[in-house]
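Below, chains carry the letters A, B, ... as their sequence lines are ordered, and counting in each starts from 1.
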Number of protein chains: 2
Amino acid sequence: MMTSASELASLAGLLADETRAAICLALLDGRAWTAGELAAHAHVAPSTATEHLHRLVDGGLLTERRQGRHRYVQLAGPSVAHLLEDLAARLEPRQDPVLGLRAVTANAALRRGRTCYDHLAGRLGVAVTDAMTEAGLLDQAGGFALTRAGLGWLTGTLGLEPEDLAPGKRPLARGCLDWTERRQHLAGAAGAKLCQKFFDNRWVARTGSGRAVRLTPDGQAALHDLLGLAGID
Amino acid sequence: MMTSASELASLAGLLADETRAAICLALLDGRAWTAGELAAHAHVAPSTATEHLHRLVDGGLLTERRQGRHRYVQLAGPSVAHLLEDLAARLEPRQDPVLGLRAVTANAALRRGRTCYDHLAGRLGVAVTDAMTEAGLLDQAGGFALTRAGLGWLTGTLGLEPEDLAPGKRPLARGCLDWTERRQHLAGAAGAKLCQKFFDNRWVARTGSGRAVRLTPDGQAALHDLLGLAGID
DNA sequence: GAAACCGTTCGGCCGGCACCGAACGGTCGC
DNA sequence: GCGACCGTTCGGTGCCGGCCGAACGGTTTC
């Protein structure tokens with residue numbers, strides 16, 4: 001009981017430093033960063049970054065992979081990303097999430113997209129999520145769940161492996177509050193597999209070195225055919 | 001971008017102290033505590049507790065209500081409770097959550113129950129959640145969502161107000177990982193209203209001053225009739 | 001009004017920790 | 001091999017913040 005308080009404090013303490021917070025937020029793109037990159041990103045000396053990375057790895061938030069003279073670091077898993085998203089969601093004063101859903105989806109183009117840990121985010125992520133909701137594949141009213149039709153669509157039309165979508169420890173479908181859009185987009189196991197399939201099919205591609213992604217012409221055509229999305233990137 | 005890191009750090013910093021963590025965990029029972037009670041609970045001087053409460057209130061995690069010479073404090077809302085649960089869930093090394101679902105529900109009695117912020121938890125909470133799942137009222141496979149039948153059951157059989165279950169800012173149904181049972185139980189708006197109805201119907205009652213609740217004889221009969229639960233408290 | 005009680009403010013103490021620079025030890029390129 | 005590079009370890013410094021006790025103000029009780 002009392003021990004749990006100290007453990008909670010230790011866990012929170014990992015994120016209670018601006019430098020460590022900046023590191024974790026950078027890692028939210030789901031990719032592995034080197035220690036030096038993170039040091040530069042957080043504007044601290046390499047030696048300082050080393051200490052922080054040690055604490056974060058020891059605390060279970062990060063995993064490391066030594067490779068040559070580089071030390072690659074990334075988030076320990078989706079649950080860590082989820083935790084960070086939850087915390088970050090508290091920062092921005094949230095506004096009404098139910099606002100002109102159809103108008104936004106149908107008309108305003110999905111201008112910019114990016115990855116949020118392992119799934120699609122930004123306008124692209126929100127647009128896909130809304131389109132799936134309109135098509136009856138996703139139920140946003142009662143929680144955030146895949147419908148039976150949605151499950152069939154993912155495994156049938158999109159060709160995802162059914163075992164990848166089996167009920168397991170990780171939630172199948174989960175809402176993730178978008179920082180820029182202030183809207184929910186699809187996360188969880190389904191969101192991750194969907195995103196992966198988008199990359200495999202070359203419907204989206206990374207632009208530059210950031211977490212930004214753009215829709216390819218193939219992707220635009222596919223989304224139009226599959227979900228009726230007419231947005232242009 | 002960089003400012004967000006410092007904000008995240010500040011937020012995490014609120015929980016990064018053992019005393020403040022103990023205070024927040026105590027408040028997870030959803031009730032209002034006085035400053036003195038919390039000071040005693042956390043084993044610190046009243047003056048120390050005052051400072052911590054100030055920071056927690058300023059940080060938006062707690063709300064206060066002055067009443068006579070007392071200062072009552074409680075969690076600022078369900079989202080704060082959700083955040084604490086998420087953090088606490090990382091502390092315990094989680095074990096396989098899918099394990100003898102039916103056996104646990106049907107056989108092992110719902111020995112002890114308690115409230116977790118504003119919904120039922122402990123064996124009672126898990127048992128009700130599992131029974132609702134078996135009855136097709138709840139869908140645990142794809143996320144954690146009320147089925148159409150579940151929505152009808154809550155408003156019809158249980159007599160909840162439909163507007164209380166309208167899709168709003170708060171998730172309707174949400175899974176909350178139980179500390180002691182290591183199993184999911186129903187949280188969210190539906191979980192809160194269900195819990196309230198249980199209290200209103202005198203199906204459950206608080207035992208002592210803690211967050212523990214016990215099932216009344218009326219409650220046992222009702223759960224048997226409604227959900228086929230044969231557990232004995 | 002006096003006494004008891006709850007909470008707050010203030011001053012002071014102390015430990016922890018975030019930061020840096022310098023030195024060191026691996027790894028890669030020529 | 002030698003130099004450039006990446007990361008780590010080690011001292012040292014300074015500050016932030018958690019803690020307490022004492023004094024004070026407001027509320028309740030008798």
Side-chain angles (χ1 to χ4, degrees), chain A residues 2-27 31-59 61-74 209, chain B residues 2-27 31-59 61-74 209:
Chain A
M2 205 54 197
T3 76
S4 161
S6 71
E7 291 171 13
L8 173 57
S10 309
L11 175 58
L14 292 178
L15 301 172
D17 174 79
E18 179 168 352
T19 300
R20 283 195 295 271
I23 288 175
C24 289
L25 289 179
L27 290 170
R31 296 190 287 180
W33 292 49
T34 67
E37 287 170 344
L38 289 171
H41 176 81
H43 303 111
V44 292
S47 58
T48 303
T50 293
E51 299 174 22
H52 288 307
L53 293 180
H54 265 142
R55 291 192 56 174
L56 289 170
V57 169
D58 288 346
L61 293 186
L62 267 47
T63 57
E64 63 181 13
R65 197 174 78 239
R66 309 284 179 138
Q67 197 167 304
R69 59 180 164 183
H70 291 283
R71 176 203 209 179
Y72 286 98
V73 166
Q74 61 182 28
S209 62
Chain B
M2 207 51 198
T3 77
S4 160
S6 70
E7 291 170 14
L8 173 57
S10 309
L11 176 58
L14 291 178
L15 300 173
D17 174 78
E18 178 169 353
T19 300
R20 283 196 295 272
I23 288 174
C24 289
L25 289 179
L27 290 170
R31 296 191 288 181
W33 292 49
T34 67
E37 287 170 343
L38 289 171
H41 176 81
H43 303 112
V44 291
S47 58
T48 303
T50 293
E51 299 175 22
H52 287 309
L53 293 181
H54 265 142
R55 291 192 56 175
L56 290 169
V57 170
D58 288 345
L61 293 186
L62 267 48
T63 58
E64 64 181 12
R65 198 175 76 237
R66 309 283 179 138
Q67 197 167 307
R69 60 180 165 186
H70 290 284
R71 176 203 210 177
Y72 286 98
V73 164
Q74 62 182 27
S209 63

Take the protein atom CG of B/Leu38 and the nucleotide atom P of C/dT8, then report the distance between them rounded to whole Å. 11 Å

State which residues pass salt bridge (charged side-chain N to carboxylate O under 4.0 Å, His left out) with B/Arg66; sequence neighbours excluded, sorted by chain then number. B/Glu64

Enumerate all atom pairs, one protein N or O and one N or O from nucleotides 14-17 of chain C, separated by less than 3.5 Å.
none

Drop me the distance from A/His43's NE2 to A/His41's NE2, to the nearest 0.5 angstrom. 8.0 Å

In Å and rounded to the nearest 0.5 Å, what is the CG to CG distance from B/Leu25 to B/Leu15? 8.5 Å

Does a side-chain N or O from A/Thr34 land closer than 4.0 Å to OP1 or OP2 of D/dC6, or not? no

Those residues that, when tested against A/Thr34, pass side chain to side chain contact (heavy atoms under 4.5 Å, CB included) (two or more places apart): A/Glu37, A/His70, A/Tyr72

State the CZ-CD1 distance between B/Arg55 and B/Ile23, to the nearest 0.5 angstrom. 11.5 Å

Rounding to a whole Å, what distance do you find between A/Glu18:CD and D/dC16:C1'? 14 Å

Nucleotides 21-30 of chain D: protein proximity per nucleotide (B base, S sugar-phosphate only, - neither; heavy atom, under 4.0 Å): B-----BS--

B/Tyr72 has an atom OH; how far is it from atom P of C/dC6, in whole Å? 11 Å

Report the C-alpha distance between B/Leu11 and B/Leu61 in whole Å, list the side-chain angles of each, state the deciding distance to 0.1 Å, and finish with yes or no for side chain to side chain contact (heavy atoms under 4.5 Å, CB included). CA-CA 9 Å; B/Leu11 176 58; B/Leu61 293 186; 4.2 Å; yes

A/Arg66 CZ to D/dT8 C1': how many Å, rounded? 9 Å

Using OP1 and OP2 only, check whether a side-chain N or O of B/Arg71 sits under 4.0 Å from C/dT8. yes

Return the CZ to NE2 distance between A/Arg71 and A/His54, rounded to the nearest 0.5 Å. 4.5 Å

Spacing of B/Thr19 atom OG1 and B/Leu53 atom CG [to the nearest 0.5 Å]: 10.5 Å

Inter-axis angle, terminal five-pair segments of the helix from C/dG1-D/dC30 to C/dT27-D/dA4 [nearest 10°]: 30°

State, to 0.1 Å, how close B/Ala9 and A/Asp17 come at their nearest heavy-atom pair, and which atoms those are. CB-C, 3.6 Å

In whole Å, I'd like the distance from the CH2 atom of A/Trp33 to the C1' atom of D/dG7. 18 Å

With a cut-off of less than 4.0 Å, is there a side-chain N or O of A/His70 near OP1 or OP2 of C/dT27? no

What's the NE2-P distance between B/His54 and D/dG17, to the nearest Å? 16 Å

For B/Thr63, give me all partners under side chain to side chain contact (heavy atoms under 4.5 Å, CB included), at least two apart in sequence or on another chain. B/Gln74, B/Ala76

